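Worksheet: one structure, shown below.
Since this is a predicted model, take the numbers as computed values, not measurements.
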Amino acid sequence: MKLNSDFFPLTQMAQRFVDQLAQCRRLGLSVLEASEHHVLIELPYSTELIGYPDTGVIHGGVITTLMDTACGSAVVSAIYQKYQSLEISPTLDLRVDYMKPAQPHKPVYGFAECYRLSSNIAFTRAIAYQDSIDQPIAHAVGSFMRISPEMVGDAFRQALMGEADTTIGAVSASLPLGAGAQSQSTPNTAPIDVQGIVKRATELNDFGHLLEHVPYAKFIGMKVERFGDELIFKLPAKDDNIGNPVLPAIHGGVIAGFMEMSAIVQLMVFMQTAKVPKVVDFSIDYLRAGLLKDSFVECRITRQGRRVANVNISCWQTNRKQLIATARAHFLID
């Protein structure tokens, strides 16, 4: 999709904002349009982002990251246009409804708008699509906390305004996905024996064997261990997952993708599903910043039907009683 960004004067600033986020650089996100009313971002396809190995469909967590980034960029643009100031606005909550899977080998576009700015909160909505915005892949609504411009810092402000050719925080050594031939390679879309893989992982007591079949799990560095009847999921601290270079902190979309993938594995192991569960909706509340530390997740299946399961998900870092995020999701299991 080629557009003339001259009609949208905030495009370059929004791109500089996205470029400050290590996870977004690694995903190869490109801002196509940005104004005080909206932001449009392109996500290139990559085999590293696959969440469903039998079809080549990218993981829902990637779509969440795209829309979270688009909404955050829309907030930055709206605040700058209205107040001529820069703010970093962390995500408070985000709800995503998945309507259909993204087609493999095609880019995904995230369109977001900040439709209301209060003195403390920014309210956003977003749509992810491919061929037409009238045929959405997913829809999201989210709210963001407004933080005083003094919290931004001179280095970050200069980077966003193009006054300094620098990237704040840790620099990823990885090329953007869109820059390499790997993103264009053809995935193996042969049917996979999900129950056989789960059975093998159980016999080995090594559930990393299961994660090895999901490229997105390897992309973010996810791990899993079993303690009795519990699965504990781990996301090791990794510079590539940074979304706030000032703190630094993990990208909210990565935390959401980690929690969503954890719930999928929980269902596969304890319900012995014949297919990889497909997410229907995902709602997350961010309770505190997810700093650049090891993060952990546990899941609880709260409802189990013949076709739909509901899972509650908790994420913490140094203290299990001090959660950084909670989420609830529905999955199709048949």
Requested in this report: Would you indicate whether the side-chain heavy atoms of L332 and V308 approach each other to under 4.5 Å?
Outcome: yes
Query raised in the report: Should F331 and F270 be counted in the same cluster of Ile, Leu, Val, Met, Phe, Trp and Tyr side chains packed under 4.5 Å apart?
Result: yes
Query raised in the report: Parallel under 30°, tilted from 30 to 60°, perpendicular over 60°: which one fits the rings of F219 and Y216?
Result: parallel
Query raised in the report: Say you draw a straight line from CG of D134 to OH of Y129; how long is it, rounded to the nearest 0.5 Å?
Result: 10.0 Å
Requested in this report: Start with the C-alpha distance between D54 and K275, add both sets of side-chain angles, then the distance that settles salt bridge (charged side-chain N to carboxylate O under 4.0 Å, His left out), and finish with yes or no.
Outcome: CA-CA 10 Å; D54 55 339; K275 298 179 181 178; over 6 Å; no
Query raised in the report: Should the pair D19-R16 be classified as a salt bridge under the 4.0 Å nitrogen-to-oxygen rule?
Result: no
Query raised in the report: D281 side chain to V96 main-chain N or O, any donor-acceptor pair under 3.5 Å?
Result: no
**Report entry** T124 (side chain) donor-acceptor with G142 (main chain) under 3.5 angstrom
**Finding:** yes
For residues 59-83, which side-chain donor-acceptor pairs fall under 3.5 Å, sequence neighbours excluded?
from	atom 1	to	atom 2	distance (Å)
H59	ND1	G61	N	2.8
T64	OG1	G60	O	3.2
T64	OG1	Y98	OH	2.6
T65	OG1	G61	O	2.9
T65	OG1	G253	O	3.3
D68	OD1	T91	OG1	2.8
D68	OD2	G253	N	3.4
T69	OG1	T65	O	2.8
T69	OG1	H251	NE2	2.8
S73	OG	T69	O	2.8
S77	OG	S73	O	3.0

Report task. Any chance you could measure D93, atom CG, to L287, atom CG, to the nearest 0.5 Å? Result -> 10.5 Å
**Report entry** CD/E225: more than 12 non-hydrogen atoms of other groups inside 6.0 Å
**Finding:** no
Query raised in the report: With no hydrogens and no angle check, is any side-chain donor or acceptor of Q15 less than 3.5 Å from a backbone partner on V31?
Result: yes
Query raised in the report: Going through the distances and angles, do E212 and K218 end up as a salt bridge (charged side-chain N to carboxylate O under 4.0 Å, His left out)?
Result: CA-CA 7 Å; E212 288 175 1; K218 293 187 287 185; over 6 Å; no
Query raised in the report: When hydrophobic residues are tied together by side-chain contacts of less than 4.5 Å, even through go-betweens, does V224 share a cluster with M222?
Result: yes
Query raised in the report: Linking I/L/V/M/F/W/Y whenever their side-chain heavy atoms sit closer than 4.5 Å, directly or via other members, would M259 and L323 fall into one cluster?
Result: no
Query - Hphob cluster co-occupancy, M271 + F233, side-chain heavy atoms under 4.5 angstrom - result: yes
Query raised in the report: Is there a path of hydrophobic side-chain contacts, each under 4.5 Å between heavy atoms of I, L, V, M, F, W or Y residues, that connects L231 with F258?
Result: yes
Query - R200 atom CZ: more than 12 heavy-atom contacts under 6.0 Å - result: no
Query - Verdict with supporting geometry, Q317 and S295, side chain to side chain contact (heavy atoms under 4.5 Å, CB included) - result: CA-CA 5 Å; Q317 290 186 319; S295 303; 3.1 Å; yes
